[in-house]
Amino acid sequence: MLLFTPGPTPVPESVRQAMATPTLHHRTPEFEAIFKETRDLLFKLFATDEVIILASSGTGAMEAAVTNLCHDTLLSVNSGKFGERFGKIALASGLKNVEIKHEWDTPASVEELVEAVKANPSIDALAIQVSESAGGLRHPVEEIAAAVKAINPSIMIIADGITAVGVERIDVENIDCLIAGSQKALMLPPGLAILGLSNEAIKKTGEGKGYYLNLASEIKKQKQNTTAYTAATTLIIGLRAVLQEIESYADGAGVGKLFCDTARRAKATHLALEALGLHIYPKTPAKSMVTIDDKNAKEIRDLLKTDFGVNVAGGQDHLKGKIFRINQMGLIETYETVWVVNAVELALAKLGRRDFDGTASRIFNEEYFKSMLKKEEK
Ligand SMILES: *Cc1c(COP(=O)(O)O)cnc(C)c1O
């Protein structure tokens with residue numbers, strides 16, 4: 001069965017092998033050396049002033065960011081389940097919350113956030129997803145961050161990049177905290193979260209808030225290549241292997257080439273499915289996944305699984321049975337995605353929606369291999 005859900009994503013063979021080595025003690029020079037190498041690789045990927053690894057799922061890093069970087073009112077954007085979570089974390093932590101809410105296909109606008117910040121002087125942090133996985137949409141985070149900083153540079157900008165770090169380049173110039181999680185774009189089993197922090201964010205953590213999710217104590221320890229509490233040693237060894245795998249992607253072309261191929265593959269998938277008469281759900285699609293809303297979403301998803309060996313994700317809450325989401329994160333073989341779009345076309349034929357004529361794989365191939373095909377014409 002091909003795993004094509006936007007988290008968890010498949011773990012590469014080399015990474016599984018790396019994690020099969022005997023357990024190391026976390027307070028040893030041997031592990032500290034691994035931790036340092038992993039940190040160095042993370043600095044390259046995040047391009048932030050500091051990086052912190054936590055043993056938690058992604059939500060743990062969201063909570064750490066909110067409780068350490070917001071001391072009064074959190075402005076959050078709810079265009080889906082994960083944006084909604086930021087508001088819930090703020091309220092559960094005794095903070096105030098101003099929420100901007102949209103349908104799950106609709107991104108936040110720069111104007112409405114600027115307005116909210118101007119109207120609420122107690123807002124001291126903004127939390128938003130780069131890629132909101134609930135409906136597969138991309139928020140204009142970089143533009144929003146720049147506009148909010150222009151009004152008040154002390155407002156902390158928290159960007160949840162759990163389905164964006166490792167997918168595309170994110171400009172962190174105005175971002176104070178960029179979050180990643182292990183089981184999405186980083187191709188690891190669940191259990192690790194990473195925060196990239198700005199120097200301003202480090203200052204704001206001050207003495208730190210909370211106990212386990214206290215960023216000040218983690219920063220102090222992780223600068224010394226160790227962790228405040230027992231490190232998730234096996235997952236960190238896996239993380240180092242993933243980051244090395246990304247660095248050596250396409251015979252050493254590296255992360256830039258990975259971002260480029262991911263964007264091409266997402267676009268080719270998008271065009272192939274549109275050519276079948278399907279509709280892309282989000283108004284501003286993220287590159288991390290391709291999301292289709294369809295009256296037969298459930299039937300298509302079931303057929304993909306039972307007849308064609310493909311596992312794609314459905315929708316949650318009010319979108320249950322109404323959408324399906326095809327992953328684009330991680331190291332994906334192009335031929336696998338060609339099979340997925342072909343399988344969607346076969347499923348539509350099986351449902352009597354349209355005759356099968358190979359449109360999906362043809363359009364995918366023409367789009368993805370466009371430059372190569374052009375060269376051959378000459
Ligand atoms: C999956 C996801 C999360 C939550 O991560 P968990 O690991 O399930 O805690 C948060 N934000 C986004 C955008 C996600 O896709």
Side-chain angles (χ1 to χ4, degrees), residues 3-11 46 52-67 69 74 76-90 92-93 99 102 104-108 126-142 144 157-168 170 175 177-196 212-213 232 235-236 238-239 242 262 266 281-282 284-291 311-317 319 323-330:
L3 181 61
F4 259 84
T5 55
T9 57
V11 180
F46 278 69
I52 293 299
I53 304 172
L54 293 178
S56 80
S57 88
T59 306
M62 293 169 73
E63 179 160 338
V66 170
T67 54
L69 300 179
L74 182 76
S76 58
V77 174
N78 173 357
S79 289
K81 217 171 171 52
F82 298 106
E84 177 187 47
R85 188 167 300 175
F86 270 129
K88 288 184 172 174
I89 290 170
S93 311
E99 184 182 75
H102 288 297
W104 292 12
D105 63 348
T106 306
L126 158 69
I128 185 168
Q129 275 58 41
V130 180
S131 151
E132 169 53 83
S133 319
L137 75 78
R138 177 70 155 88
H139 284 298
V141 174
E142 294 91 338
I144 288 170
I157 311 288
I158 300 166
D160 169 0
I162 291 176
T163 51
V165 177
V167 170
E168 56 173 313
I170 300 155
I175 291 173
C177 176
L178 179 63
I179 301 169
S182 57
Q183 79 276 23
K184 307 278 175 77
L186 295 180
M187 299 168 268
L188 286 166
L192 273 193
I194 300 143
L195 300 105
Y212 184 69
L213 298 178
L235 284 171
I236 290 170
L239 176 59
V242 160
T262 302
Y281 175 68
T284 51
K287 295 186 174 80
S288 52
M289 66 197 75
V290 174
T291 305
N311 185 5
V312 300
Q316 294 161 295
D317 295 358
L319 291 184
I323 61 167
F324 63 92
R325 295 172 294 155
I326 300 173
N327 178 51
Q328 302 291 344
M329 295 178 278

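Order of appearance sets the numbers: ligands from 1, and atoms from 1 within every ligand.
When only interatomic distances are considered, the shortest N/O to N/O separation between Ser57 and ligand 1 falls below 3.5 Å. For a threshold of 3.5 Å applied to N or O pairs, the pair formed by Gly58 and ligand 1 contains at least one separation below that value.
When only non-hydrogen protein atoms are considered, atom 15 (O) of ligand 1 lies nearest to Ser133 OG, 2.5 Å. Here the heavy atom of the protein found nearest to atom 1 (C) of ligand 1 is Lys184 NZ, 1.4 Å. For atom 12 (C) of ligand 1, the closest heavy atom belonging to the protein is Asp160 OD2, 3.4 Å.
In this structure a side-chain-to-backbone donor-acceptor pair under 3.5 Å is present from Arg325 to Gly314. Glu132 contributes a side-chain N or O that, together with a main-chain N or O of Gly83, makes up a donor-acceptor pair within less than 3.5 Å. At distances below 3.5 Å, at least one donor-acceptor pair connects side-chain atoms of Ser79 with backbone N or O atoms of Thr106. The main-chain N or O of Gly191 is found under 3.5 Å from a side-chain atom of Ser182 such that the two form a donor-acceptor pair. Side chain of Thr284 to main chain of Arg138: a donor-acceptor pair is present (N/O by atom type, distance under 3.5 Å, no hydrogens or angles).
The side chain of Gln183, and not its backbone, has at least one atom closer than 4.0 Å to an atom of ligand 1 (non-hydrogen atoms only; side chain from C-beta on).
Within the listing of ligand 1, atoms 4 (C) sit less than 4.0 angstrom from a heavy atom of Arg85. Every atom of ligand 1 with a heavy atom of Met62 under 4.0 Å away is listed here by number and element: 10 (C). Ligand 1 places these atoms under 4.0 Å from at least one heavy atom of Thr59: 4 (C), 5 (O), 6 (P), 9 (O).
Residue-ligand proximity: Ser131 is placed with a non-hydrogen atom under 4.0 Å from ligand 1.
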Between Gln328 and Val167, does a side chain to side chain contact (heavy atoms under 4.5 Å, CB included) hold up when you go through it step by step?
CA-CA 8 Å; Gln328 302 291 344; Val167 170; over 6 Å; no

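Side-chain polar atoms of Thr163 and Ser133 form a donor-acceptor pair below 3.5 angstrom.
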